[in-house]
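First the structure, in the form of structure tokens, and then the observations on it.
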Amino acid sequence: MSDGSMISKRVKQEEAYEEDKNDLVEQEEALVALVEHRAKEVELLRQRVSYYKSQLVEAEERFQDSQSKLARLRGRRFLASSNASLLATKRVRVEQRIVSPEHINIGSENLLQPKTELIIPNVSPKISQPIKPEGLVAKTIIDLEETAASNRAVRKRAKKSNTSSTTDVEVVEIKDGGTKRKFEKKEHKDLIPLVESSSSPTLIRSYSSNLIPSQHKRKLRSLAVCPVNDQLFVTSALDGLVNLWQIQGRGSSASLLSTTSCVSSGERRWPEDMAWHPHRNSLFSVYTADAGDSQISVLNLKKTEGRSNVTYLEDKPHVKGIINSITFMPWEDTCFVTGGSDHAVVLWGEQDENVWKPKTLHRTLHSSTVMGVAGMQQKQIVLSAGADKRIVGFDVLAGRVDFKYLIESKCMSVLPNPCDFNLFMIQTGVHERQLRLYDIRSMYAELHSFGWKQESSESHSALINQAWSPDGLYLSSGSADPDIHIFDIRYNACKPSQSIRAHRRRVFKAVWDHSLPLLISISSDLQIGLHKM
């Protein structure tokens, strides 16, 4: 055999070897990809199994709760019928003792019987009168106090009748300047299976829109509806003023009740964010931690001699920068949480009336500004969203981190769903996917993402905020455009289910009234929008 043929044979053998080697590499890569895919599939199935196990446990608890309610109801009905029978027996015995034989005519159908009068105490119902613009603030506070008195009467009647609801409202006694309040236990609704379940949105019809001047001289910053009186809401602006409004004509207009200067005590800064006390007629505002300025103010709307009372909390747990967010927790013990530019999340607990003590939950879990904070209903977990792209869940009772999650964009805010206690929203800086939905039980699986396309600006402002509808099925959002965007979480598209051209310039926020079919919005055009739905 010649040298040339041997060389050619060797080359062919090497080429065959290389092909076999390449085939093995390709097979290995394919198997690695398949293994990763199967691992993700297994993890997803495990999450689903865990989810349905938790659903089974909750369903069993609801079933047992319904059974116990039925048993209590039947027991009360049996007791009522027994008492009625016993009362009838006693009445017959009394009549038998009182009626004398000579008054009884055996052949007559009519018996002369003594009648016992049942005396019912007279109860005069309180009729709430509409508030006139010239008597506004004092009248509003009187109505709030009458509501508190009515709650006390309800509590007393509940004790007398020995009936109480175990799922909706638990009556508790809290001291609040001589008044009582009720702590509401909201009922959980499982809305997560409805997310992305429909190919077409359920639209909300918009009947009319009305713009009224905000009476602020500088750009508006905050908007909040009163949790104990849906007729009231407040606005704040860069002029440092807080305006109290009352809705008139079922949402057709609003009357300005009062204007209060709520600038900080030192640097005279405007409120960065506001939150209503969940059971009192007071408003909490946050400022900055720079220059030793006051960090929290409390505006008492219960006027004394015609003047509102603004006080400042002494403690200053934040060490630098703006305090971006304040939110009251949906728990039985009244407390609120603040988050700021110093990366800190602080829990403020009420020690006594108007006495609040801060406790720093964490200061190093975020590497940048904390933009939003919130509390979950079913467990004492504080959520925080930061400009460092992190979402942190902190277990207050355990004193440790429950979960941490990193996304691809900075987080602007966090907003729990009012009905499904496992569902919450994160606002991000990604265009056309600004809003994300998550299940707190499975943070690594994003449920849905949606957003809007901005026409007037490429930047996404942290001043744009969202709000849930009372039924938890819709989200409203402001935008850099003059539009209010509404999202139906059941809609499987990534765009708004509908948009309302509401203002002339950018919309900061649109919130839902809890008793009226009404959206209230604020804008950089210095107008307040009232939109009947």
Side-chain angles (χ1 to χ4, degrees), residues 131 133-134 136-137 140 209-226 229 231-248 251-265 267-276 281-288 293-294 296-301 303 306-310 312 322-326 456-457 461-467 476-484 502-513 518-531:
I131 299 176
E134 60 270 12
L136 300 179
V137 179
T140 301
S209 293
N210 184 28
L211 297 181
I212 60 175
S214 67
Q215 307 298 329
H216 289 285
K217 297 179 180 179
R218 298 184 63 188
K219 186 181 297 183
L220 279 86
R221 176 56 63 91
S222 299
L223 166 68
V225 176
C226 179
N229 186 344
Q231 297 290 317
L232 303 179
F233 66 92
V234 291
T235 57
S236 73
L238 302 187
D239 55 11
L241 300 179
V242 173
N243 287 345
L244 174 65
W245 301 83
Q246 183 181 31
I247 297 171
Q248 304 287 342
S252 59
S253 64
S255 299
L256 179 62
L257 301 183
S258 67
T259 297
T260 307
S261 176
C262 287
V263 293
S264 61
S265 59
E267 297 296 310
R268 312 295 292 174
R269 284 184 61 91
W270 58 82
E272 296 290 343
D273 193 20
M274 301 185 306
W276 284 90
N281 50 333
S282 55
L283 192 71
F284 288 62
S285 301
V286 291
Y287 302 95
T288 178
D293 202 0
S294 51
I296 309 284
S297 74
V298 182
L299 168 60
N300 184 8
L301 295 171
K303 299 190 69 175
R307 295 183 179 181
S308 297
N309 185 22
V310 180
Y312 301 90
I322 293 172
I323 304 171
N324 293 297
S325 180
I326 176 172
S456 59
S457 174
S461 172
L463 300 178
I464 304 297
N465 287 287
Q466 293 74 39
S476 60
S477 177
S479 69
D481 304 315
D483 297 330
I484 298 173
H503 289 269
R504 292 188 291 270
R505 300 179 65 183
R506 71 166 56 189
V507 179
F508 293 123
K509 190 175 185 180
V511 299
W512 308 73
D513 191 273
L518 182 69
L519 267 177
I520 308 171
S521 60
I522 56 173
S523 166
S524 57
D525 62 8
L526 301 185
Q527 301 286 315
I528 298 173
L530 301 173
H531 315 280

inquiry  = L463: which residues meet the side-chain contact (heavy atoms from CB on, under 4.5 Å) condition with it, sequence neighbours left out?
reply    = R221, S461, F508
query = Hey, does K217 have a side-chain heavy atom less than 4.5 Å from the side chain of L241?
reply = no
message = Please tell me whether S479 and D481 have a donor and an acceptor in their side chains that are separated by less than 3.5 angstrom.
response = no
Contact check, side chains of I528 and F233, non-hydrogen atoms, under 4.5 Å = yes
inquiry  = Is the shortest side-chain heavy-atom distance between T235 and S222 below 4.5 Å?
reply    = no
inquiry  = List the residues meeting side-chain contact (heavy atoms from CB on, under 4.5 Å) with A467, not counting sequence neighbours, and say none if there are none.
reply    = S476, V511, W512
task = Please identify each residue that fulfils salt bridge (charged side-chain N to carboxylate O under 4.0 Å, His left out) with D483, with sequence neighbours left out.
result = R501
Nearest non-hydrogen partners of A254 and I212, listed with the distance = CB-CD1, 3.7 Å
request  = Using modelled atom types only, decide if a donor and an acceptor are shared between the side chain of S264 and the backbone of S294 within a distance under 3.5 Å.
outcome  = no
ask   = With sequence neighbours excluded, what pairs up with S524 under the side-chain hydrogen bond (donor to acceptor under 3.5 Å, both in side chains) test?
value = none
Residue list, ring-ring contact (aromatic ring centres under 6.0 Å, His included) with F284, at least two apart or on another chain = F328, F336, W356
message = Is any side-chain heavy atom of W270 closer than 4.5 Å to one of K219?
response = no
remark   = Residues passing the side-chain hydrogen bond (donor to acceptor under 3.5 Å, both in side chains) test with S252, sequence neighbours excluded, are none
inquiry  = If we count only N and O atoms by modelled type, under 3.5 Å, do the side chains of S282 and N300 hold a donor and an acceptor together?
reply    = no
message = When you compare the side chain of S214 with that of Q527, does any pair of heavy atoms fall below 4.5 Å?
response = no
remark   = From the list L232, L244, L257, side-chain contact (heavy atoms from CB on, under 4.5 Å) with L301 holds only for L244
Gap separating the CH2 atom of W276 from the CG atom of L283, nearest 0.5 angstrom = 6.0 Å
key: Flag side-chain contact, heavy atom, 4.5 Å: L530 against L518   = yes
ask   = So, for V242 and C262, which heavy atoms are closest and what is the spacing to 0.1 Å?
value = CG2-SG, 3.7 Å
ask   = Excluding sequence neighbours, so at least two apart, what forms side-chain hydrogen bond (donor to acceptor under 3.5 Å, both in side chains) with D513?
value = S515
inquiry  = To the nearest 0.5 Å, what is the distance between CD1 on I322 and CD on E272?
reply    = 4.5 Å
request  = State which residues pass side-chain hydrogen bond (donor to acceptor under 3.5 Å, both in side chains) with D239; sequence neighbours excluded, sorted by chain then number.
outcome  = H216
message = Can you list everything that forms a side-chain contact (heavy atoms from CB on, under 4.5 Å) with V507? Sequence neighbours excluded, please.
response = I484, H503, S521
Heavy-atom pair with the smallest gap, counting every atom of L211 and A502 = CD2-O, 3.5 Å
ask   = Looking only at heavy atoms, which two atoms of C226 and N229 are closest? And how far apart?
value = CB-O, 3.2 Å
inquiry  = Nearest 0.5 Å, please: how far is CG in N309 from OG1 in T260?
reply    = 10.0 Å
inquiry  = Checking S285 now: which residues fulfil side-chain contact (heavy atoms from CB on, under 4.5 Å) with it, not counting sequence neighbours?
reply    = P271, M274, Y287, S297
query = Hey, mind stepping through V286 and I296 against side chain to side chain contact (heavy atoms under 4.5 Å, CB included) and telling me if it holds?
reply = CA-CA 5 Å; V286 291; I296 309 284; 3.4 Å; yes
query = Looking only at atom types and distance, does a side-chain atom of D273 sit under 3.5 Å from a main-chain N or O of I326, one as donor and one as acceptor?
reply = yes
ask   = To the nearest 0.5 Å, how far apart are CG in D525 and CZ in R506?
value = 12.0 Å
